[in-house]
Amino acid sequence: MAFITKQFTRTLCSSAARNTAIKHITVIGGGLMGSGITQVAATTGHSVVLVDTSEDILKKSTKGIEGSLKRVVKKKFADNPEAGEQFVQKVLKNISTSTDVTSVVKKTDLVVEAIVENLKVKQDLFSALDKAAPEHTIFASNTSSLPVAAIAGSTARLDRFGGLHFFNPVPMMKLVEVVQAPGTSQQTFDALFDFSKALGKHPVSCKDTPGFLVNRLLVPYMMEAIRLHERGHGSKEDIDVAMKLGAGYPMGPFELLDYVGLDTSKFIIDGWNEMEPDNPLFAPSVLLNKLVAEGKLGKKTGEGFYKYK
Ligand code: 3HC
């Protein structure tokens, strides 16, 4: 009997340890990335609460998600628009919104933060969430350039904290970088990796290094494109065409810079330049700085390297 009880307890404990399936997600930040993550998680049957600071932002995010779902459905259900509409409604039912993050996290398995790239703001947020969320809740940041360990340092759950880095547009881009910071436990890393697969994405494993894998290659490449243009060695149109037709990239570097946002690219390169001022790959660009100072941030403001309607 004692043996059975011991066995039973052991089984219970080990299944609790393995029970890392993530079902309820809180996404913080209703911008492009947060909305995209919400959409993909809801589409794959997860229950998602999208959180931001105002109802107006959340309304805009929900409208964006609906629009993006309709684009997906138009192709997937081209022969059956009625089934497409049902699909959209089913996905939307998995999404709710809130402006009260500390009450939402009380029953969530995973928090994915996709707010402004500011270390102090992220640390303050996670420090508050750490007190409100249950023990088992995993925290993840979608930071594109800050050290995950520095964000996690504001909490007492370093072992349950990792990076989940998505790519824009989230519904279309297949990759997720799963970041294992020095404190991230193997169990948390595995849970985040499995979660990324459950989203229908292809996860890759990353260390907590600047830019992880993609941005570490992509950002210096885009900066070099700007420098090439600044030196007068090619027009931005020709450089874009060259990389699309000569290297098979879906967008040229200037199109991509405008798409990602010039402020985001500047923020990343400035941070790295501060860390390694002698690294020529991280040198700032006069032209990029000028455009950002003029408020020309790319597609989202109607003008960056190109003008948009
Ligand atoms: N939601 C849903 N569907 C979308 C979509 C979205 N947001 N964006 C595009 N699509 C789908 C639609 O089905 C669309 O068809 P539709 O126009 O009939 O609705 C289809 O994609 C084709 O889109 P487009 O005709 O607008 O253009 P493309 O064929 O060029 O595809 C693209 C668009 C997928 C964005 C492609 O150009 C691409 O892959 N670009 C590169 C993007 C990239 O490199 N992203 C990574 C940026 S780095 C990053 O995010 C990291 C961060 O930390 C900085």
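The chain is numbered in sequence order, starting from 1. Atoms within a ligand are numbered from 1 in the order they appear, just like the ligands themselves. Predicted, not measured: the structure shown is a model, and the values here were computed from it.
- Between F305 and H229, the gap from one ring centroid to the other reaches at least 6.0 Å.
- Remark: the T102 side chain and the K106 side chain contain no N/O donor-acceptor pair separated by less than 3.5 Å.
- With T99 as the partner, the side chain to side chain contact (heavy atoms under 4.5 Å, CB included) test is satisfied by one option alone out of T53, L58, V51: L58.
- For S47 (side chain) and H24 (main-chain N/O), no donor-acceptor pair under 3.5 Å exists by modelled atom type.
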Which protein N or O atoms sit under 3.5 Å from any N or O of ligand 1? Give each pair with its distance.
unit_1   : atom_1 : unit_2 : atom_2 : d
ligand 1 : 1 (N)  : S68    : OG     : 2.6
ligand 1 : 13 (O) : K75    : NZ     : 3.2
ligand 1 : 15 (O) : K75    : NZ     : 2.9
ligand 1 : 17 (O) : R71    : NH2    : 3.4
ligand 1 : 19 (O) : R71    : NE     : 2.8
ligand 1 : 26 (O) : R71    : NH2    : 3.4
ligand 1 : 45 (N) : N168   : O      : 2.8
ligand 1 : 50 (O) : N168   : N      : 2.9
ligand 1 : 53 (O) : H165   : NE2    : 2.8
ligand 1 : 53 (O) : N215   : ND2    : 3.0

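- Comment: K300 engages D263 in a salt bridge, judged by a side-chain N to carboxylate O separation of less than 4.0 angstrom.
- Contact check for N215 versus S145: no side-chain heavy atoms found under the 4.5 Å cut-off.
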